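Structure first, then comments.
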Amino acid sequence: SDAEVRMASAQALGSLEDKRAVPGLVALLKDGNREVRQSALSALHSMPEGVPDDAVLSAMNDSDPEVREAAMSLALNRISSREDDEAAPDPRYIAAFTRLLGDASADTRQQAVEALGNCRLKEAPAGLLGAAKDKNADVRQAVAEALGSIGDPRAVPTLKELLADGNADVREGAVSALGEIRDRTALEALVGALKSSDPAVRRSAAEALGQRGD
C-alpha cells in the first residue's frame with residue numbers, strides 16, 4: 001500500500017530485466033502516484049518487446065508531463081527494437097507524437113519533435129512543419145534538426161523561414177537541415193543563405209554546399 005515500496009519494486013524489476021514482470025509493471029502505469037508510474041516506465045524501457053502498444057500510447061496521455069516524456073522515450077525504444085529498420089512505425093505513435101507538439105510543456109513539445117525525427121519517416125507531418133513557429137527556440141531548433149533527418153523536400157520553405165529566425169542556433173540548425181535534403185530547392189536555399197547577414201549562417205551554408213559535392 002506504500003507508494004515508495006511500489007516504486008522500489010518497479011525499479012528492482014527493471015534491474016532484473018525479467019519479461020515475466022511486464023504485466024505487473026504495465027499495471028503500475030495506472031498507479032495514482034506519478035513517481036511510481038515513472039519508475040514503471042523506466043523499468044519497461046529495459047524490456048520493450050513485450051510491452052503492449054496500447055499501454056504505451058495511454059501513458060503518453062498521462063496528466064504529468066514527466067510521465068508523458070518517459071512514455072515517449074519508451075515508445076521510441078519500442079520502435080527501434082522492432083526487426084525491420086526500414087518499416088515506418090505504427091501510425092498511432094506518429095499521431096501521438098504529433099498531438100504532443102501542442103503540449104503545454106516546452107520540454108514535452110521538444111521531445112515530441114525529436115521523436116518524429118527518429119521515426120524513419122519519409123514525409124514531414126504537417127504538425128511538425130507548423131511547430132517551426134513554436135514560441136520556444138529549443139523546440140524550433142529541434143524542428144530544424146528533425147526536418148533534416150526526414151529529408152522531405154516539402155520542408156524547404158519552412159527551413160528557409162527558419163534561416164531568418166531570431167535565434168542563432170535555430171538559424172544554423174536550418175542550414176544544417178537544408179544540407180541533408182537532396183533536392184534542388186534545398187540547394188538553391190543554401191546558395192541564397194550565402195547572402196545572409198549572419199556570418200555564422202554564411203559559413204555554415206558554404207560548408208554544407210562543399211559537403212554536397214553538387
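Nothing here was measured: the structure is a model prediction, and the numbers come from that model. Hydrogens, waters and symmetry mates play no part in the numbers below; they use all other heavy atoms, side chains included.
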Residues forming a side chain to side chain contact (heavy atoms under 4.5 Å, CB included) with Ala106, sequence neighbours excluded: Arg109, Asn136

Partners passing side chain to side chain contact (heavy atoms under 4.5 Å, CB included) against Ser176 (at least two apart in sequence or in another chain): none

Could you tell me if the side chain of [Y] sits less than 4.5 Å from the side chain of [X], heavy atoms only?
| X | Y | answer |
| --- | --- | --- |
| Cys119 | Phe97 | yes |
| Ile181 | Ile150 | no |
| Val51 | Asn77 | no |
| Arg6 | Ser39 | no |
| Ser105 | Gln111 | no |

Greater than 12 external heavy atoms within 6.0 Å of Arg99's CZ: yes

Is a donor from one side chain sitting under 3.5 angstrom from an acceptor on the other, for Thr185 and Lys160? no

Is a donor on one side and an acceptor on the other found under 3.5 Å between the side chain of [X] and the backbone of [Y]?
| X | Y | value |
| --- | --- | --- |
| Ser73 | Glu69 | no |
| Arg171 | Val201 | no |
| Ser149 | Glu145 | yes |
| Ser46 | Glu17 | no |

Measure across [X] and [Y] and return the closest heavy-atom pair with its distance rounded to 0.1 Å.
| X | Y | value |
| --- | --- | --- |
| Val170 | Ala137 | CG2-O, 3.4 Å |
| Leu129 | Thr158 | CD2-OG1, 3.7 Å |
| Leu116 | Pro125 | CD2-CG, 4.4 Å |
| Ala40 | Leu29 | CB-CD2, 3.9 Å |
| Val26 | Pro52 | CG2-CD, 3.9 Å |
| Ala205 | Leu190 | CB-O, 3.7 Å |

Using the test salt bridge (Lys or Arg N to Asp or Glu O under 4.0 Å), find all partners of Glu161 that sit at least two apart in sequence or belong to another chain. Lys133

Roughly how far apart are [X] [atom1] and [Y] [atom2], rounded to 0.5 Å?
| X | Y | atom1 | atom2 | result |
| --- | --- | --- | --- | --- |
| Asn33 | Asp2 | CG | CG | 9.5 Å |
| Met60 | Leu41 | CE | CG | 11.0 Å |
| Glu172 | Leu162 | CD | CG | 13.0 Å |
| Arg212 | Glu180 | CZ | CD | 9.5 Å |
| Ser63 | Arg34 | OG | CZ | 10.0 Å |
| Asp64 | Gln38 | CG | CD | 6.0 Å |

Applying side-chain contact (heavy atoms from CB on, under 4.5 Å), run through Leu25 and Met47 and close with a yes or a no. CA-CA 11 Å; Leu25 289 168; Met47 37 189 158; 3.6 Å; yes

Partner of Arg140 under side chain to side chain donor-acceptor pair (under 3.5 Å), chosen from Asp169, Asn167, Asp165: Asp165

Side chain to side chain donor-acceptor pair (under 3.5 Å) with Arg68: which of Asp103, Asn61, Asp107? Asp103

Decide, yes or no, whether a salt bridge links Asp62 with Arg37 under the criterion of side-chain N to carboxylate O below 4.0 Å. yes

Lys/Arg N to Asp/Glu carboxylate O, Asp54 vs Arg92, below 4.0 Å: yes

Assess the residue pair Asp134 and Val143 against the criterion (side-chain contact (heavy atoms from CB on, under 4.5 Å)); give the C-alpha distance rounded to whole Å, side-chain angles, the decisive distance to 0.1 Å, and a yes or no. CA-CA 9 Å; Asp134 195 279; Val143 169; over 6 Å; no

For Leu178 and Val156, run side-chain contact (heavy atoms from CB on, under 4.5 Å): C-alpha distance rounded to whole Å, both residues' side-chain angles, the deciding distance at 0.1 Å, then the answer. CA-CA 7 Å; Leu178 286 167; Val156 171; 4.1 Å; yes

Evaluation steps, side-chain contact (heavy atoms from CB on, under 4.5 Å), between Val113 and Leu128: CA-CA 7 Å; Val113 169; Leu128 181 59; 3.8 Å; yes

Gln110 and Glu114: CA distance, side-chain angles, deciding distance, side-chain hydrogen bond (donor to acceptor under 3.5 Å, both in side chains) verdict: CA-CA 6 Å; Gln110 181 178 349; Glu114 292 168 353; 3.2 Å; yes

